[in-house]
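It should be emphasised that the depicted structure is a prediction, and the values quoted were computed from it without experimental measurement. For this chain, numbers begin at 1 and follow the sequence in order.
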Amino acid sequence: MFGTLKPQAPDKILALMGEFKADTRQGKIDLGVGVYKDPTGLTPVMRAVREAEKRIWDAETTKTYTTLIGEPGYLSGMSRMVLADALDTDRTAALSTVGGTGAIRQALELARIGNPDLTVHVSDPTWPNHVSILNFMGLPTATYRYFDDATRGVDFEGMKADLARARKGDLVLLHGCCHNPTGANLTLDQWREVSEILDRTGAVPFVDLAYQGFGDGLDEDAAGTRLVVGNAPEALVAASCSKNFGIYRERAGVLLAKVADPAQRDLAQGTMSFLNRQTYSFPPDHGARIVMTILEDAALTADWKAELEEVRLGMLGLRQQLAAELRELTGSDRFDFLEHHRGMFSRLGAMPAQVQKIKDENAIYMVGDSRLNIAGLNRDSVPILARAIVEAGV
């Protein structure tokens with residue numbers, strides 16, 4: 001049986017991680033892996049997370065299963081955090097998942113059950129694992145224009161023209177904020193236009209909200225999601241706690257499904273429960289319970305929000321510093337897009353050969369399409385990267 005297996009194409013980012021680890025050069029810089037790092041290069045445990053875990057440890061009396069859909073308090077807290085006033089509890093089903101990726105997979109399974117003939121429309125470019133999952137599931141895909149390589153901003157006119165071709169019942173996969181891999185975000189007015197296009201075509205919005213709080217703030221980063229979900233008769237949202245709570249390895253995610261009529265909510269909820277049972281049965285609880293403990297305690301929530309804001313402002317400061325360094329070195333403003341992008345990532349606009357040159361000559365690692373992780377920098381490494389970018393002829 002297993003002799004018939006075929007080698008799978010390696011994940012480029014994971015392969016880059018291995019290459020970085022094997023590099024023995026001093027002062028090497030990892031801008032490839034998509035995790036937040038503080039100025040010392042550590043992905044820290046947040047203060048509120050530590051305190052929540054202590055409380056869980058002291059209070060927990062059993063390790064028995066939670067429910068198939070997850071802990072109700074976690075689902076309620078995450079639903080409110082993501083959707084706020086756009087949350088219609090009578091029309092929204094929720095599911096605890098294995099991270100944001102698990103939420104994406106379960107969303108696609110749910111949509112395929114509801115409409116076996118759907119096409120999933122994804123931005124060009126998008127997170128590579130979106131396409132990998134869709135291809136693995138055998139779901140038809142279409143791309144819509146998103147990133148303008150010349151301006152390093154959103155090609156909104158191209159995006160609108162492509163989305164207008166979506167059919168009723170198709171899924172349109174949207175990045176809620178901090179677009180991965182480009183860092184280029186829609187404005188709220190542009191979100192409103194996207195919502196109007198979806199309304200005309202009958203396509204269903206599917207928002208991947210992996211970085212809420214990393215861009216312009218918790219509420220600001222969810223504003224587009226809330227607008228689209230509030231206006232749409234049906235919608236899907238996959239949210240992750242990996243980044244904003246810093247609990248990557250705990251794999252805490254949530255799937256929200258808004259249905260057209262309250263009478264359909266229990267049907268959707270039952271189908272989502274069924275999907276968990278078929279995939280991994282009961283969802284993991286520890287990460288979800290950490291989040292629930294924080295969101296249900298005002299003091300912990302306030303401390304978590306304060307630390308998350310420190311993280312956000314730190315990344316914004318690095319963006320501004322890098323743009324300023326490049327402005328000084330080049331005597332031009334062509335890299336100012338870096339301070340306008342949001343979240344951990346930006347696409348630099350370098351050619352693969354230039355990315356390779358930066359790696360070979362400076363031990364600076366970024367993804368081949370020139371996606372760099374701003375959070376992999378610190379104040380001392382920003383000037384090193386800026387010089388390397390200019391010397392590579394970007």
Side-chain angles (χ1 to χ4, degrees), residues 11 13-14 17 33-37 43-46 49 52-53 56 65-71 73-79 81-83 93-111 122 126-134 136-137 173-181 206-214 218 221-222 225 236-257 272-273 275-295 304 308 311 343-345 373 375:
D11 184 288
I13 296 176
L14 298 182
M17 289 170 60
V33 63
V35 299
Y36 170 76
K37 297 178 182 179
T43 303
V45 180
M46 299 180 83
V49 170
E53 288 193 295
I56 293 167
Y65 297 117
T66 184
T67 69
L68 277 175
I69 65 169
E71 190 64 27
Y74 168 68
L75 297 173
S76 175
M78 284 297 295
S79 298
M81 189 184 89
V82 170
L83 294 179
L95 188 71
S96 184
T97 61
V98 182
T101 305
I104 291 167
R105 179 60 185 265
Q106 299 297 56
L108 293 171
E109 295 284 7
L110 179 66
V122 297
T126 192
W127 181 44
N129 211 28
H130 284 154
V131 179
S132 180
I133 292 169
L134 288 162
F136 182 74
M137 294 177 67
L173 180 51
L174 301 160
H175 295 233
C177 66
C178 307
H179 186 273
N180 181 4
F206 173 23
V207 183
D208 182 1
L209 188 62
Y211 301 97
Q212 186 182 0
F214 265 34
L218 267 176
D221 289 346
T225 301
L236 291 165
V237 180
S240 169
C241 302
S242 294
K243 283 78 177 179
N244 49 18
F245 287 89
I247 51 173
Y248 297 84
R249 68 176 61 176
E250 305 299 351
R251 310 310 298 133
V254 67
L255 169 62
L256 306 176
M272 292 158 72
S273 178
L275 286 172
N276 262 10
R277 182 61 168 165
Q278 305 315 305
T279 311
Y280 40 74
S281 204
F282 295 88
D285 179 69
H286 186 67
R289 196 163 293 273
I290 290 170
V291 172
M292 181 181 74
T293 302
I294 292 171
L295 294 180
W304 165 66
L308 178 59
V311 167
M344 290 197 297
F345 305 118
N373 179 8

message: Could you measure the distance from the CD atom of Gln106 to the OH atom of Tyr280? Nearest 0.5 Å is fine.
response: 4.5 Å
- prompt: Out of curiosity, Leu95 CG to Leu256 CG, how far, rounded to the nearest 0.5 Å?
  reply: 9.5 Å
task: Would you indicate whether the side-chain heavy atoms of Glu250 and Cys241 approach each other to under 4.5 Å?
output: no
field: Evaluation steps, side-chain contact (heavy atoms from CB on, under 4.5 Å), between Ser281 and Asn276
entry: CA-CA 5 Å; Ser281 204; Asn276 262 10; over 6 Å; no
field: Side chain proximity check, Thr97 to Arg105, heavy atoms < 4.5 angstrom
entry: no
Considering all heavy atoms, the nearest Ala375-Val35 contact: CB-O, 4.3 Å
field: Non-hydrogen atoms of His175 and Asn180 that approach each other most closely
entry: CE1-O, 3.0 Å
message: Show the nearest heavy-atom pair for residues Leu236 and Ala107, with the distance to one decimal.
response: CD1-O, 3.9 Å
field: Distance, nearest 0.5 Å, that separates NE2 of His130 from CD1 of Ile133
entry: 7.0 Å
- request: Mind running side-chain contact (heavy atoms from CB on, under 4.5 Å) on Leu218 and Trp304 for me, showing each step along the way?
  value: CA-CA 11 Å; Leu218 267 176; Trp304 165 66; 3.6 Å; yes
task: For Tyr248 and Tyr36, indicate whether the former's side chain and the latter's backbone hold a donor-acceptor pair under 3.5 Å.
output: yes
- prompt: Does Thr66 have any side chain to side chain contact (heavy atoms under 4.5 Å, CB included) partners at least two apart in sequence or in another chain, and if so, which?
  reply: Glu71, Asp285
Nearest heavy-atom neighbours spanning Gly176 and Leu209: CA-CD1, 3.8 Å
message: Could you measure the distance from the CD atom of Glu53 to the CD1 atom of Ile294? Nearest 0.5 Å is fine.
response: 9.0 Å
query: Looking only at atom types and distance, does a side-chain atom of Asp221 sit under 3.5 Å from a main-chain N or O of Phe214, one as donor and one as acceptor?
result: yes
- prompt: Just by modelled atom types, is the Leu275 backbone N or O under 3.5 Å from a matching donor or acceptor in the Thr279 side chain?
  reply: yes
- request: Would you please test Tyr74 and Leu295 for side-chain contact (heavy atoms from CB on, under 4.5 Å) and show each step?
  value: CA-CA 8 Å; Tyr74 168 68; Leu295 294 180; over 6 Å; no
message: With a 4.5 Å cut-off on side-chain heavy atoms, are Trp127 and Thr101 touching?
response: yes
message: Looking at every non-hydrogen atom in both residues, tell me the closest pair between Pro284 and Ser96 and how far apart they are.
response: O-OG, 4.3 Å
query: How far apart are the closest heavy atoms of Ile247 and Ala252, and which atoms are they?
result: CD1-CB, 4.0 Å
task: Take Ser242 and Arg251 through the test side-chain hydrogen bond (donor to acceptor under 3.5 Å, both in side chains) and record every step on the way to the result.
output: CA-CA 7 Å; Ser242 294; Arg251 310 310 298 133; 3.3 Å; yes
query: Side-chain contact, heavy-atom cut-off 4.5 Å: Ile69 with Met272?
result: no
query: Any side-chain heavy atom of Phe282 within less than 4.5 Å of one from Leu68?
result: yes
statement: d(His179 NE2, Leu174 CG) to nearest 0.5 Å is 9.0 Å
field: Side-chain heavy-atom pair Asn244, Tyr211 within 4.5 angstrom cut-off
entry: no
- prompt: What do you reckon, is CZ of Phe136 surrounded by more than 12 foreign heavy atoms closer than 6.0 Å?
  reply: no
Gln212 (side chain) donor-acceptor with Met81 (main chain) under 3.5 angstrom: yes
